> 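Before I ask anything, here is the structure I am working with.
Small disclaimer: the values here were computed from a predicted structure and weren't measured. As a basis for the values below, the full set of heavy atoms in this structure was taken, side chains included, without hydrogen atoms, waters or symmetry mates.
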Amino acid sequence: MNTVNLSAQPREGTGKQAAKRVRRTGMVPAIIYGRGQDPRSVQVDSHELKTLIHKGQATSVINLEIEGDEDLMVLLRDPIRHPVSDIMMHADFLRVTETSRVHLRVPIELEGMPAGVVEGGIMDQIMRDVSIECEVRVIPEIIKLDVSELEIGQNISIGELEFEGIRFLADETATIVTISLPRAEEEEEIEGEEGEEG
């Protein structure tokens, strides 16, 4: 289980004006919810939160160290950025335990050089991430796929993925990556087939 630490402070006040005051201090207003408990208002350091996201740790289990209180195990949910300034506007944290079952999106990373690309084909990664359901203790940081044996005309779909303890929520027929002929060669092949039919 991948875990990272993030410090938090209790937050006073609610509403837009209170949130603006928090952001002016370099903090991000946030809410902790889940597990049948009342929501709790906190604030976290904007730089720390951005660093966590940029390092690809947004799917990691977070040990939220709340000032003056016990630490909580949480997952980051729906961080909101300003569309123009990229300032972190708000974040939600979901309370979890190691055995909590959760839904989340995980990045897909391709490994290896496909045999079909070596032969002149083109690789197209259609899906960059995928929705999964699993227990918190087995959340993968990324889904790694070995594509080295893919030939021209072959692909990998969701239904072919097998990871212990993980259920994939996308359509089983959805294509993740495919190897195809360069467009010019495809057109020549099609023209050749039409000529034979004629």
> If you take all heavy atoms of Ile122 and Val117, which pair is closest and at what distance?
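Scanning both residues, the minimum pair turns out to be C-CG2, 4.5 Å.
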> Output the distance between atom CG (Leu94) and atom CD1 (Ile62), rounded to the nearest 0.5 Å.
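Separation between the atoms: 10.5 Å.
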> What pairs with Arg35 under salt bridge (Lys or Arg N to Asp or Glu O under 4.0 Å), at least two apart in sequence or on another chain?
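Expected list: none.
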> Does Ile132 reach the side chain of Leu104, with side-chain heavy atoms less than 4.5 Å apart?
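In short, these two side chains touch, coming nearer than 4.5 Å.
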> Looking at every heavy atom in both Ala19 and Pro29, which two are closest together, and how far apart are they?
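Minimum heavy-atom contact is CB-CG, 4.1 Å.
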> To the nearest 0.5 Å, tell me how far Thr173 OG1 sits from Glu160 CD.
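With rounding to 0.5 Å, OG1 (Thr173) is 11.0 Å from CD (Glu160).
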> Taking all heavy atoms of Ile158 and all of Asp171, pick out the closest pair and write down the distance.
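Shortest heavy-atom contact: CB-O, 3.3 Å.
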> Not counting sequence neighbours, which residues clear salt bridge (Lys or Arg N to Asp or Glu O under 4.0 Å) with Arg137? List them please.
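Once residues adjacent in sequence are excluded, the partners of Arg137 under the salt bridge (Lys or Arg N to Asp or Glu O under 4.0 Å) criterion are Glu135.
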> Could you grab the distance from atom CE of Met113 to atom OG of Ser148, nearest 0.5 Å is fine?
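Here the interatomic distance stands at 10.5 Å.
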> Quick one: does Val28's side chain get under 4.5 Å of Gln43's, heavy atoms only?
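Answer no - side chains too far apart.
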> Do the side chains of Ile32 and Pro39 get nearer than 4.5 Å, heavy atoms only?
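No, their side chains stay 4.5 Å or more apart.
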> Would you mind listing every side chain to side chain donor-acceptor pair (under 3.5 Å) that reaches into residues 18-27, with sequence neighbours excluded?
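Sorted result for residues 18-27: empty, none.
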> Flag the pair Val102 / Ile139 as yes when at least one side-chain heavy-atom distance between them is below 4.5 Å, and no otherwise.
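Touching, per the 4.5 Å side-chain cut-off.
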> Is Asp69 paired with Arg40 through a side-chain N to carboxylate O contact shorter than 4.0 Å?
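Asp69 and Arg40: salt-bridged.
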> Looking at side-chain heavy atoms only, is the closest gap between Ser41 and Ile31 below 4.5 Å?
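With C-beta onward as the side chain, the pair touches.
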> Grab the two heavy atoms, one from His47 and one from Asp45, that are nearest each other, plus how far apart they are.
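Heavy atoms of His47 and Asp45 come nearest at N-OD2, 2.9 Å.
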> Compare all side-chain heavy atoms of Ile126 with those of Val177 and state whether any distance is below 4.5 angstrom.
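With C-beta onward as the side chain, the pair stays apart.
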> Under a single-linkage definition using a 4.5 Å side-chain heavy-atom cutoff for Ile, Leu, Val, Met, Phe, Trp and Tyr, are Leu110 and Ile142 assigned to the same hydrophobic cluster?
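Different clusters.
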> As a quick check of understanding, evaluate side chain to side chain donor-acceptor pair (under 3.5 Å) for Thr97 and Ser100, giving each step before the final call.
CA-CA 5 Å; Thr97 66; Ser100 298; 3.1 Å; yes
> If you link I, L, V, M, F, W and Y whenever their side-chain heavy atoms are under 4.5 Å apart, who else ends up in the same group as Val138?
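Val138 clusters with nothing; isolated.
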> Starting at CG of Leu145, measure out to CD1 of Ile108 and round the result to the nearest 0.5 Å.
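Here the interatomic distance stands at 6.0 Å.
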> Quick check on the hydrophobic clustering: are Leu52 and Leu64 connected, directly or via other members, by side-chain heavy-atom contacts under 4.5 Å?
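Same cluster.
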> Are Leu6 and Met27 linked, directly or through intermediate hydrophobic residues, by side-chain heavy-atom contacts shorter than 4.5 Å (ILVMFWY only)?
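Different hydrophobic clusters.
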> Do Ile87 and Leu49 sit in the same hydrophobic cluster, where Ile, Leu, Val, Met, Phe, Trp and Tyr count as joined when their side-chain heavy atoms come under 4.5 Å apart?
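Ile87 and Leu49: separate clusters.
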> With rounding to the nearest 0.5 Å, note down the distance linking NE2 in His82 to CE in Met88.
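Answer rounded to 0.5 Å: 13.0 Å.
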> Any non-hydrogen side-chain atom of Pro140 less than 4.5 Å from a side-chain atom of Ile166?
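Yes, their side chains come closer than 4.5 Å.
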> Report the residues that fulfil salt bridge (Lys or Arg N to Asp or Glu O under 4.0 Å) with Asp146, sequence neighbours left out, ordered by chain and then residue number.
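Residues passing salt bridge (Lys or Arg N to Asp or Glu O under 4.0 Å) with Asp146: none at all.
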> Can you pull out every side chain to side chain donor-acceptor pair (under 3.5 Å) where at least one residue sits in residues 161-170? Sequence neighbours excluded, please.
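Matches after skipping sequence neighbours: Glu133-Arg167.
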> If two hydrophobic side chains count as joined below 4.5 Å and joins carry through other members, does Phe163 share a cluster with Val61?
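Hydrophobic grouping puts Phe163 with Val61.
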> When you measure from the side chain of Arg95 to the backbone N and O of Gly34, does any donor-acceptor pair fall under 3.5 Å?
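Flag set: sc Arg95 to bb Gly34 pair under 3.5 Å.
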> Check whether the side chains of Thr51 and Glu48 place a donor and an acceptor atom closer than 3.5 Å, and report yes or no.
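No, Glu48 and Thr51 have no side-chain donor paired with an acceptor closer than 3.5 Å.
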> From Arg105 CZ over to Asp129 CG, what is the distance, rounded to the nearest 0.5 angstrom?
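Here the rounded value is 4.0 Å.
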> Do Ile53 and Arg81 have side chains that get closer than 4.5 Å, going by heavy atoms?
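Result yes, sub-4.5 Å side-chain heavy-atom pair found.
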